[in-house]
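Reading through the structure tokens given below for one structure.
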Amino acid sequence: MAIIDVLKYDGPSNVLAWKWRPQERPQKRHFELFGKARDYDIRQEQLRYGTQLIVNQSQIAVFVKDGQIADIFSAGRYTLSSKNLPILDRLIGLPFGHQTPFKAEVYYLNKSVIMDTRFELPAFNMLEPNFRVPIPLKAKGSFAIRVGEARNFLNKILGTMPDLDAEQIKEYFRGVITENIKSAITGIAKQQNINPLELEATVADVADAVRQSMAETIERYGIKLEMLNIEGVSIIDDDPRVQNVVADYHRLMSEDMQERLRLRRRAENIDVYKVERTFDTTEKVAENIGGNDGQSGNILGTMVGLGMVNPLGNVMGNIVGNMTSNNATHTNVDKDAILKMLKDLNELKSAGILTEEEFTEKKKELLSKL
């Protein structure tokens with residue numbers, strides 16, 4: 001048997017576990033049989049005490065015998081002996097001064113973080129509540145993992161597989177990833193009353209919910225979840241029905257936004273809005289007060305007959321006088337006083353005492369002071 005002198009692993013960094021496999025080495029026999037030379041015989045490398053074991057940074061080496069984890073080595077350079085292989089030594093019980101080759105499985109585990117393992121979920125449907133149409137969604141993201149507890153990892157994940165990388169881990173936990181992300185999306189949408197067409201804005205919340213659940217699940221298998229990001233939750237709009245729903249939804253959202261802006265502007269200028277509504281109301285009343293046909297049998301004619309025009313003239317004079325006085329003595333006219341003046345002016349216009357041009361000019365002047 002060939003004896004291996006140095007045992008180490010310098011493979012790709014995305015490999016979480018690598019199993020040492022003895023190489024087959026041919027050796028030619030030195031005799032002939034029935035006058036013919038024999039072909040190469042095959043023999044394998046074997047471990048022995050005295051073999052050099054090299055464990056790089058962020059690696060551990062695990063010796064396994066008959067399915068039982070024996071000894072574990074952290075980073076460093078070791079000469080295998082009964083002193084640093086106490087468990088394996090008891091299992092083997094080597095004769096001849098511990099120089100006999102022995103068989104054991106050796107696994108190198110990568111303890112560094114394996115970054116940027118990407119995933120994408122199969123499409124799944126969520127019901128749009130307004131249009132009652134199923135909306136197909138997709139989600140994608142990435143995660144970073146590392147080997148956690150070595151014994152759990154070897155016993156529950158690695159088993160008899162020779163090697164294991166991050167892509168195989170992704171496939172191994174594909175069902176867990178899919179289930180957790182779908183549950184998080186549907187749960188958050190229901191809890192926050194979010195339309196499926198608005199889920200793109202919830203990726204951070206979804207990632208937070210999935211991260212905790214995923215970490216607890218895979219930790220039982222000896223794997224640590226260092227990071228999980230959801231890069232997007234988007235709709236699949238290949239179906240014309242979905243396209244129509246999306247178009248109608250965006251139209252409704254646009255109309256709703258315009259209405260919200262209008263109400264906000266009204267709230268910010270509530271006093272002006274009240275005055276304008278007063279104008280709208282009194283202008284309609286003015287049609288009955290002043291009359292549209294120029295006849296004398298209207299309210300204005302009655303007011304003239306009863307001698308009420310002069311009091312209105314006095315009111316007009318008082319309004320103009322107050323405006324002049326306020327302009328002369330105050331740089332900022334009191335808002336309530338201006339609103340009262342506007343109301344009085346509107347009544348005079350409604351009664352036909354002020355012309356439209358006069359009223360508009362005074363209205364503009366007063367509103368500019370608000």
Side-chain angles (χ1 to χ4, degrees), residues 1-27 41-114 144-173 218-226:
M1 296 292 181
I3 303 300
I4 184 170
D5 296 322
V6 178
L7 178 58
K8 64 177 181 177
Y9 173 68
D10 295 319
S13 60
N14 69 328
V15 173
L16 278 80
W18 175 81
K19 180 182 179 181
W20 170 71
R21 293 178 284 279
Q23 296 181 1
E24 295 180 343
R25 293 186 176 184
Q27 180 180 4
D41 191 13
I42 303 299
R43 64 179 183 174
Q44 291 183 328
E45 293 178 321
Q46 294 293 318
L47 295 170
R48 67 171 176 83
Y49 286 121
T51 295
Q52 296 293 304
L53 175 69
I54 299 176
V55 184
N56 296 328
Q57 291 295 327
S58 302
Q59 290 180 344
I60 61 173
V62 182
F63 282 72
V64 178
K65 178 65 175 177
D66 298 328
Q68 179 180 345
I69 295 177
D71 302 288
I72 300 177
F73 293 83
S74 57
R77 186 183 184 98
Y78 306 88
T79 299
L80 299 182
S81 67
S82 59
K83 294 182 179 180
N84 52 32
L85 285 171
I87 299 176
L88 188 64
D89 187 65
R90 291 197 301 270
L91 295 174
I92 296 173
L94 293 173
F96 308 115
H98 299 285
Q99 296 302 311
T100 305
F102 62 87
K103 290 183 178 181
E105 296 175 326
V106 182
Y107 290 92
Y108 276 83
L109 303 185
N110 185 358
K111 297 286 285 185
S112 63
V113 178
I114 309 299
I145 57 174
R146 66 176 177 85
V147 175
E149 209 285 313
R151 295 182 182 274
N152 277 345
F153 180 76
L154 283 168
N155 291 332
K156 296 183 179 181
I157 292 289
L158 197 57
T160 58
M161 292 187 295
D163 301 323
L164 188 66
D165 59 23
E167 287 297 320
Q168 290 171 293
I169 289 290
K170 180 180 70 176
E171 293 300 321
Y172 193 93
F173 288 106
I218 68 175
E219 189 172 6
R220 296 196 293 266
Y221 296 87
I223 299 176
K224 285 283 189 180
L225 181 67
E226 295 292 334

Nearest 0.5 angstrom please: [X] [atom1] to [Y] [atom2], how far?
{"X": "L47", "Y": "K103", "atom1": "CG", "atom2": "NZ", "answer": "11.0 Å"}
{"X": "R146", "Y": "F153", "atom1": "CZ", "atom2": "CZ", "answer": "12.0 Å"}
{"X": "I223", "Y": "I157", "atom1": "CD1", "atom2": "CD1", "answer": "4.5 Å"}
{"X": "I87", "Y": "Q68", "atom1": "CD1", "atom2": "CD", "answer": "7.5 Å"}
{"X": "L85", "Y": "Y78", "atom1": "CG", "atom2": "OH", "answer": "11.0 Å"}

>> Surrounding CD of E171 (heavy atoms of other residues, nucleotides or ligands, distance under 6.0 Å), is the total greater than 12?
In response: yes

Quick check: closest heavy atoms across [X] and [Y], and the distance to 0.1 Å?
{"X": "S74", "Y": "I60", "answer": "CA-CG2, 4.3 Å"}
{"X": "Y172", "Y": "K156", "answer": "OH-O, 3.5 Å"}
{"X": "K111", "Y": "G148", "answer": "NZ-O, 2.7 Å"}

What residues, two or more places apart in sequence or in another chain, satisfy side-chain contact (heavy atoms from CB on, under 4.5 Å) together with [X]?
{"X": "R151", "answer": "I69, I72, E149, N155"}
{"X": "S13", "answer": "none"}
{"X": "A144", "answer": "V113, M115, E226, M227"}
{"X": "D66", "answer": "none"}

>> Taking salt bridge (charged side-chain N to carboxylate O under 4.0 Å, His left out) as the definition, give me every residue that meets it alongside K224, ordered by chain and number, with sequence neighbours left out.
In response: E219

Would you say [X] and [Y] make side-chain contact, with heavy atoms under 4.5 Å?
{"X": "L164", "Y": "I169", "result": "yes"}
{"X": "Y108", "Y": "L7", "result": "yes"}
{"X": "I114", "Y": "N14", "result": "yes"}
{"X": "D5", "Y": "R48", "result": "yes"}
{"X": "I145", "Y": "L16", "result": "yes"}
{"X": "T79", "Y": "Q52", "result": "yes"}
{"X": "V15", "Y": "Y9", "result": "yes"}

>> Once ring-ring contact (aromatic ring centres under 6.0 Å, His included) is applied, do any residues pair with F63, and if so which ones, sequence neighbours excluded?
In response: F73

How would you list, by chain and number, every residue that makes a side-chain hydrogen bond (donor to acceptor under 3.5 Å, both in side chains) with [X], sequence neighbours excluded?
{"X": "N56", "value": "D10"}
{"X": "Q59", "value": "none"}
{"X": "S58", "value": "none"}
{"X": "S81", "value": "none"}

> Pick from V106, D71, L154: which one makes a side chain to side chain contact (heavy atoms under 4.5 Å, CB included) with V62?
Replying inline: L154

